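Report on one structure; see the data block that follows.
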Amino acid sequence: MSTAIKDFESAIAELEQLVKQLEDGDLPLDKSLQLFERGVELSRYCHEQLGAAQKRIEVLTERGELKDGAALLSTDDSTRS
Amino acid sequence: MAKLQGLPFGFDDDPPADAPPPPPEPPLSVAALTARLKSLVESGFSRVEVEGQVSGHRPHASGHLYFSLKDDRSQIRAVMFRTDARRLTFKLEDGQHVVARGRVSVYEVRGEYQLICDRLEPHGQGALQLAFDQLKRRLAAEGLFESVRKRPLPTLPRKIGVVTSQSGAALQDILRVLIARHPSAHIVIRDARVQGEGAAADLTRAIRAITDVAGVDVVIIGRGGGSAEDLWAFNDEGLARAIAASPVPVISAVGHEVDFTIADFVADLRAATPSNAAELVVERADTFRHRIDRAVERLTSAMRRVIDGRHQRVLRTMTRLRSYPTRVVLQQRDCQEFVLRMRHAQLDRVARVGQRFAHLRRRLEARDVRRVTADWRLRLARLDGRLRQTGQTRVQTAEAQSRELAARLHALSPLAVLGRGYAVCWNDARTGIIRSASSVNLGDAVRVTVARGELRCQVTERTDER
């Protein structure tokens with residue numbers, strides 16, 4: 001469908017709003033189908049968003065550089081705090 | 001009340017009482033007297049501790065603190081020089097009940113004595129506690145703890161900033177929860193000292209740096225449990241202001257559930273522990289996931305309802321369509337019935353006419369037929385005479401007329417109706433016309449008048465109309 005999806009906040013909000021409309025409205029069939037298609041599109045987008053962020057651990061150094069921090073996940077249990 | 005430490009009063013320079021009166025001395029200069037008092041006071045009160053209330057406090061541009069200590073009976077001027085004042089953890093305010101440590105000195109220029117403090121402690125509570133209360137009150141007055149300032153966590157946290165000691169247990173707690181429950185989480189860690197000298201400044205720098213990283217949409221700042229002094233860096237004003245200024249929501253997670261720091265008050269959300277902070281972030285992602293699932297579920301069931309509704313309508317319409325032929329049949333039956341009733345009505349009328357005819361006939365028969373015929377005969381004879389006079393043509397005309405009249409009469413006769421093939425059915429007694437099959441019984445005899453003649457019939461079968 002035409003309308004672009006801004007972000008997942010607006011996507012989920014639109015999805016919920018549309019579902020409500022579909023639930024209470026006595027809409028014509030083609031309008032219902034249109035809403036349903038949009039709903040499917042939005043939910044697909046939301047699901048994509050959930051999986052979009054990759055599992056990653058980075059460390060921000062004193063000099064403002066980002067370095068891989070996977071090593072920090074080590075079992076080393078030294079406690080400085 | 002002044003509590004003396006060091007030496008008690010002593011006038012070592014006093015001459016023994018039994019000594020002979022000294023020769024008169026020249027009067028002392030003010031400076032000399034002051035100098036003697038100064039040395040006396042300074043040696044006698046080189047180290048004292050005084051408890052009293054702060055009053056008349058005015059900070060000086062030089063950084064020295066000038067104030068008085070007083071109780072309900074007396075007061076003493078006091079000063080704390082810059083180098084000592086800098087180490088003060090709390091802010092000196094009038095009315096504070098303090099314990100001052102220092103020495104008493106005489107300011108010769110003014111001839112005044114004063115207490116030179118090197119340490120000030122709030123009386124009854126620790127300096128740290130007082131400093132904490134003071135900062136808390138101040139920041140609260142600025143509105144930094146207002147709930148309207150608290151921002152909600154992002155709907156779906158993407159890049160999660162963590163500011164803590166890289167080698168601390170808190171980091172491991174946070175990572176463990178995030179990795180286990182939010183597998184797609186992207187975590188950015190900024191190492192910072194969390195206790196000791198410079199920790200507050202380090203944390204402040206770290207929070208500024210991490211909120212600058214593109215995409216970081218929530219920050220956890222914290223450390224594991226420790227003593228009040230261990231957690232002290234999180235009560236720093238600079239850090240509090242950096243947290244308040246963060247462009248993204250900050251979750252504080254300092255120590256254990258019971259520990260409250262200024263950072264906790266100013267943060268958008270306070271977590272009881274570091275792992276709890278991670279859980280709060282994860283819950284947002286869970287909530288998001290749940291919201292989508294729920295919305296999709298509702299979407300599909302709503303659509304199913306819409307389609308089911310339409311399907312029902314189609315089915316209903318189809319049922320009605322299918323029932324249409326039945327209706328046609330029904331209507332056809334109605335039609336037939338109507339026709340039948342029409343026929344009956346016609347028959348009734350025919351019967352009624354027949355009755356009248358019979359009646360008339362009976363009346364006719366009742367008359368004196370012979371007299372009538374005699375009349376007719378007479379008239380006929382006369383007519384005959386006249387006919388003969390009028391000739392053959394008129395006879396022919398009359399004949400034609402009479403034929404026509406007969407035909408017209410015939411047309412009017414109900415018997416003509418019978419001539420068209422209808423029959424009239426009477427009861428055996430001929431007292432009534434049978435209009436309903438139900439008015440006769442099987443075996444009854446009926447009379448049927450047809451165009452020519454009459455039949456006496458026996459009913460052998462009967463079909464009742466509904």
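Predicted model, so just to flag it, every value in this text is computed and none were measured. So you know, we letter chains A, B, ... as the sequences are listed, proteins then strands, and number each from 1.
Looking at every heavy atom in both residues, Met303(B) comes nearest to Ser32(A) through SD-O, 3.8 Å. Gly39(A) approaches Leu299(B) most closely through the heavy-atom pair C-CD2, 3.5 Å. What you find for Val296(B) and Ser43(A) is that their closest heavy atoms are CG2-CB, 3.2 Å. Nearest heavy-atom pair, Arg298(B) versus Glu16(A), reported as atom, atom and distance to 0.1 Å: NH2-O, 4.5 Å. Between Ala302(B) and Glu23(A), the shortest heavy-atom distance links the atoms CB-CG, 3.8 Å. Pairing each heavy atom of Leu60(A) with each of Val213(B), the nearest pair is CD2-CG2, 3.7 Å.
For Asp173(B), the salt bridge (Lys or Arg N to Asp or Glu O under 4.0 Å) criterion is met by Arg176(B), not counting sequence neighbours. For Glu146(B), the side chain to side chain contact (heavy atoms under 4.5 Å, CB included) partners at least two apart in sequence or on another chain are Val148(B), Arg149(B).
Residue Ile160(B): no heavy atom, backbone or side chain, is found under 4.5 Å from chain A. Interface remark: Arg205(B) contributes side-chain atoms only to the contact with chain A (heavy atom separation under 4.5 Å). Interface remark: Thr300(B) contributes backbone and side-chain atoms alike to the contact with chain A (heavy atom separation under 4.5 Å). Looking at Asp293(B), the atoms closer than 4.5 Å to chain A (heavy atoms on both sides) all sit in the side chain, from C-beta outward. With a 4.5 Å cut-off on non-hydrogen atoms, Arg190(B) touches chain A through its backbone and its side chain both. Only the side chain of Leu171(B) comes within contact range of chain A, judged by heavy atoms closer than 4.5 Å.
Residues of residues 61-69 of chain A lying under 4.5 angstrom from chain B, judged on non-hydrogen atoms, are Thr61(A), Glu62(A), Leu66(A) in numerical order.
Counting only heavy atoms from C-beta outward, the side chains of Lys159(B) and Arg56(A) never approach each other to under 4.5 Å.
Within a 6.0 Å sphere centred on NZ of Lys20(A), heavy atoms belonging to other residues, nucleotides or ligands number 12 at most. Arg44(A) CZ: 12 or fewer foreign heavy atoms inside a 6.0 Å radius.
Each of Ile12(A), Leu15(A), Leu33(A) has some count of heavy-atom pairs under 4.5 Å with chain B, and the biggest count is that of Ile12(A). Comparing Leu175(B), Ile292(B), Ile307(B) by heavy-atom pairs within less than 4.5 Å of chain A, the highest count is held by Ile292(B).
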Distance-only criterion, 3.5 Å: show the donor-acceptor pairs between side-chain atoms of residues 309-316 of chain B and protein atoms not counting sequence neighbours.
residue: Arg310(B); atom: NH2; partner: Leu27(A); partner atom: O; Å: 2.9

